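Read the structure below first, then the notes.
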Amino acid sequence: MAAKTSKAEFSDALSTSSISSPPSGSELVKDRVFRGLTQGFAWLTVGLVFYIVYEVGGKAMPAIQEHGLRFLTTTTWDLQKEQFGVLPEIWGTLYSSLLALLIGGFFGIAIAIFLTQDFLPPKMEWVFKNIVEMLAAIPSVVYGLWGIFVVIPMIRPAAGWVHEHLGWIPLFGTSLSGPGMLPAALVLSIMILPTVSAISRDSLSNVPGKLKEAAYGLGATRWEAIFGVILPTASTGIFGALVLGFGRALGETMALAMLVGNSNQMSISLFSPGNTLAALLANHFPEAGEKEEPVLMYAALVLLSITLLVNVFGALLLKQASSRLGARGGPK
Amino acid sequence: MNSAEIAEEFKDVDFSQLERSLRHPRTFLSAALSCGTGIATVVACIPLFSVLVMLIWRGGKKLSLELFTALPPTAFEQGGGFGNAIVGTLVIVAIAALISIPVGVLTAVFLAEFGPDSRTASVARFCAKTLTGLPSILAGVFAYAAVVLATGSYSAPAGGVALSLLMLPTVILTAEEAMRMVPLRMKEAAIGMGCTKTQVAWKIVIPTAFPGILTGVMLAIARAAGETAPLLFTALFSNYWIFEEGQSQIMEPTASLAVFIYNFSGMPFENQIEMAWAASLVLVLMVLTINVSGQFISHRSKSV
């Protein structure tokens with residue numbers, strides 16, 4: 001009872017003091033309104049994702065009804081006959097991204113290991129880290145221009161030699177006439193390198209230092225510790241990095257539109273031109289007529305579903321990786 | 001045990017065995033792999049230098065005042081510039097920033113302050129992360145469906161909407177991160193003085209986190225300024241100024257540096273290709289300047 005009185009007295013004293021006072025009625029109303037407003041904006045972000053799917057899906061509806069699933073499994077793209085199929089583009093998207101992941105993933109992980117396992121003084125680590133991250137700042141259209149005038153002329157002689165001598169292997173079955181899968185994949189791998197290396201670096205540096213020390217204590221060499229202890233511990237995170245890099249490669253547009261050759265064919269050869277979903281959109285959309293537009297929207301919907309799936313999978317992997325390491329009590 | 005006793009204890013141990021010889025396969029493999037990753041890291045830096053050297057070499061020699069003041073050249077014309085594309089890029093990016101910054105920062109206020117653990121927040125956070133992975137061309141497809149078809153014309157605002165979609169997740173996620181860094185004690189002190197949470201957000205959290213928020217915004221702007229794909233069929237391209245004789249053609253097709261590079265890189269004329277390189281140099285300088293100053297701000301504010 002006594003405590004209650006003193007509490008009341010205390011709040012009485014507070015409200016009359018000039019130092020501080022409890023919020024007035026109007027301030028409380030403002031608080032409610034502002035909270036509601038920010039919550040509304042948070043829901044707006046959520047709604048946006050659904051609105052994108054709805055808008056693209058809605059505009060694609062006529063094409064979905066007309067072409068159905070045949071759209072995904074046929075290879076002709078003929079405006080006159082109104083026959084449309086994106087199988088070559090799906091193939092090209094996956095093939096170029098896989099190639100890019102093979103190259104970019106290898107380099108990305110190598111860099112991540114090199115920059116987290118105390119090979120270099122911290123200052124040098126910082127310099128290299130920033131150089132690799134600067135790769136991400138170059139606009140993709142500039143990479144495309146660079147690819148046309150630097151990468152293609154550079155690899156053409158080597159590609160010609162390989163085709164001449166190893167042409168019986170399907171991988172080198174055609175000659176490189178200019179734009180093609182290989183130059184596109186090379187440039188693409190440079191573009192996903194920063195993503196892969198940055199996320200792998202994060203998960204590698206989250207591995208508790210004690211694990212490494214214990215491995216050294218047992219007599220492991222530096223690389224035995226890396227392969228036996230550090231990489232397995234960080235593997236979920238690194239896998240997540242690769243998946244996100246793959247997702248980025250799937251959606252990358254300009255470099256591919258400029259380098260892949262825009263030819264509606266499927267080939268396993270590294271040197272043959274191909275096409276991707278994103279490049280198809282970039283090249284056909286600006287001058288699409290009424291007939292082609294819903295079809296392109298359908299293609300966009302296919303690309304949207306593939307990238308959303310891959311990205312959500314990657315994000316879930318990374319979430320799992322961080323919670324797993326967190327549960328182990330590793331230092332952040 | 002003193003040191004003499006320790007020496008006595010270990011006098012028969014051959015310490016030279018504890019050192020690894022490089023001829024031993026295990027040690028050799030380790031050293032070789034170290035060299036391998038080092039070489040891979042250096043090799044990965046080559047493309048960046050190659051791009052920069054090409055930009056300076058091929059774009060730099062073309063650099064002149066005319067580039068910034070003239071309109072794009074027609075097929076066989078010599079000279080010309082991309083002044084309208086620079087203005088167009090600035091206008092489109094400004095529109096994108098005007099949309100994405102308020103939405104992004106207010107969303108981040110909710111995520112960091114009002115309901116960090118609420119269901120709304122976790123769903124919104126997940127959606128923001130999903131949007132990070134949205135291919136840029138799909139932002140363009142969406143803006144085409146939602147704005148171009150609705151207004152009936154290719155325009156700068158349509159391009160702005162497309163770019164704002166790409167900026168939004170970066171703004172949200174970096175702003176939330178920055179707001180979470182604000183010390184709890186500052187907020188507690190303000191609440192102790194009788195502030196509402198709204199006042200805490202406006203007077204404590206946003207000002208304190210401002211450098212971090214600004215960094216995120218600048219990174220987002222730098223990314224948006226270089227995007228091409230979403231502009232191909234939202235802003236399209238134009239050979240004329242967006243503001244002319246006091247009239248703005250903002251609802252008309254608008255030029256941008258990125259689309260200028262794309263269009264001109266495929267042309268069979270030497271002059272046009274040189275222009276594409278010069279425009280690339282200007283664009284990369286613009287993007288890197290925004291990027292580096294953004295990182296400088298966050299670096300400065302962290303060291304204070």
Side-chain angles (χ1 to χ4, degrees), chain A residues 20-23 27-28 30-31 34-35 37-39 41-46 49 52 55-56 59 107 110-111 113-114 119 128 131-132 134-135 137-142 144-146 148 150 190 193 221-223 244 247 251 253-254 258 278 281-282 285-286 300 303-304 307-308 311-312 315, chain B residues 26-27 29-30 33-34 36-38 40-41 44-45 47-48 50-51 54 103 106-107 109-111 114-115 120-121 123-124 127-131 133 135-138 141-142 145-146 168 172 193-194 196-198 222 226 228-229 232-233 236 258 261-262 265 276-277 280 283-284 287-288 291:
Chain A
S20 62
S21 56
E27 278 169 355
L28 283 175
K30 270 189 220 158
D31 186 46
F34 185 67
R35 275 183 201 220
L37 188 75
T38 58
Q39 186 161 19
F41 275 111
W43 279 114
L44 189 73
T45 313
V46 179
V49 175
I52 292 170
E55 192 71 48
V56 177
K59 295 284 187 307
F107 278 96
I111 292 169
I113 293 173
F114 194 64
F119 285 101
F128 274 111
I131 291 178
V132 173
M134 237 160 100
L135 283 172
I138 307 279
S140 67
V141 68
V142 176
L145 188 70
W146 176 74
I148 293 175
V150 179
I190 296 166
L193 189 69
T221 62
R222 197 200 275 265
W223 280 89
L244 286 188
T253 312
M254 294 324 292
M258 293 162 89
L281 290 171
F285 224 115
L303 178 62
L304 184 65
T307 46
L308 277 188
N311 280 313
V312 167
Chain B
R26 283 175 65 202
T27 329
L29 186 68
S30 192
L33 283 170
S34 302
T37 46
T41 307
C45 299
L48 180 70
S50 169
V51 170
M54 283 302 281
V103 178
L106 289 179
T107 305
V109 168
F110 181 79
L111 295 184
F114 292 147
T120 310
V123 176
C127 285
K129 278 185 189 149
T130 312
L131 278 179
S136 60
I137 189 141
L138 287 176
V141 173
F142 168 74
L168 188 63
I172 293 178
M193 300 292 278
T196 60
K197 279 210 116 182
T198 302
T228 318
L232 286 177
F233 37 80
L236 216 66
I261 298 168
Y262 177 62
S265 68
W277 279 105
S280 298
L283 182 62
V284 167
V287 169
L288 285 184
N291 221 317

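Heavy-atom basis, side chains included; hydrogens, waters and symmetry copies ignored. Because the structure is predicted, anything quoted here is derived from the model rather than measured. Sequence lines set the chain letters: A, B, ... in the order given, protein chains first and strands last, and positions in each chain run from 1.
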Just give me the residue among B/L29, B/V109, B/I261 that pairs up with chain A most often, heavy atom to heavy atom, under 4.5 Å. B/I261
Using non-hydrogen atoms and a 4.5 Å limit, figure out which bit of A/T253 sits close to chain B: side chain, backbone, both or neither. side chain
Under 4.5 Å to a heavy atom of chain B? For A/I138 that would be side chain
Evaluate the side chain to side chain contact (heavy atoms under 4.5 Å, CB included) criterion for residues A/F41 and B/I172: first the C-alpha distance (whole Å), next the side-chain angles of each, then the deciding distance (0.1 Å), finally the verdict. CA-CA 11 Å; A/F41 275 111; B/I172 293 178; over 6 Å; no
Heavy-atom distances under 4.5 Å only: say whether A/L303 touches chain B with side chain, backbone, both or neither. both
Residue part contacting chain B, namely of A/I190, when any heavy atom lies under 4.5 Å: side chain
Using heavy-atom distances under 4.5 Å, tell me whether A/L37 contacts chain B through its side chain, its backbone, both, or neither. side chain
Which one, B/A222, B/S280, B/A276, B/A145, leads in non-hydrogen pairs under 4.5 Å with chain A? B/A145
Greatest number of non-hydrogen atom pairs under 4.5 angstrom with chain A, of B/G226, B/A258, B/P47, falls to B/P47
Checking A/I52, A/L308, A/T307 against B/L138 for side-chain contact (heavy atoms from CB on, under 4.5 Å), the one that qualifies is A/T307
Where does A/K59 contact chain B at under 4.5 Å (heavy atoms): side chain, backbone, both or neither? side chain
From the list B/L236, B/L232, B/L111, the residue making the most non-hydrogen contacts under 4.5 Å with chain A is B/L232
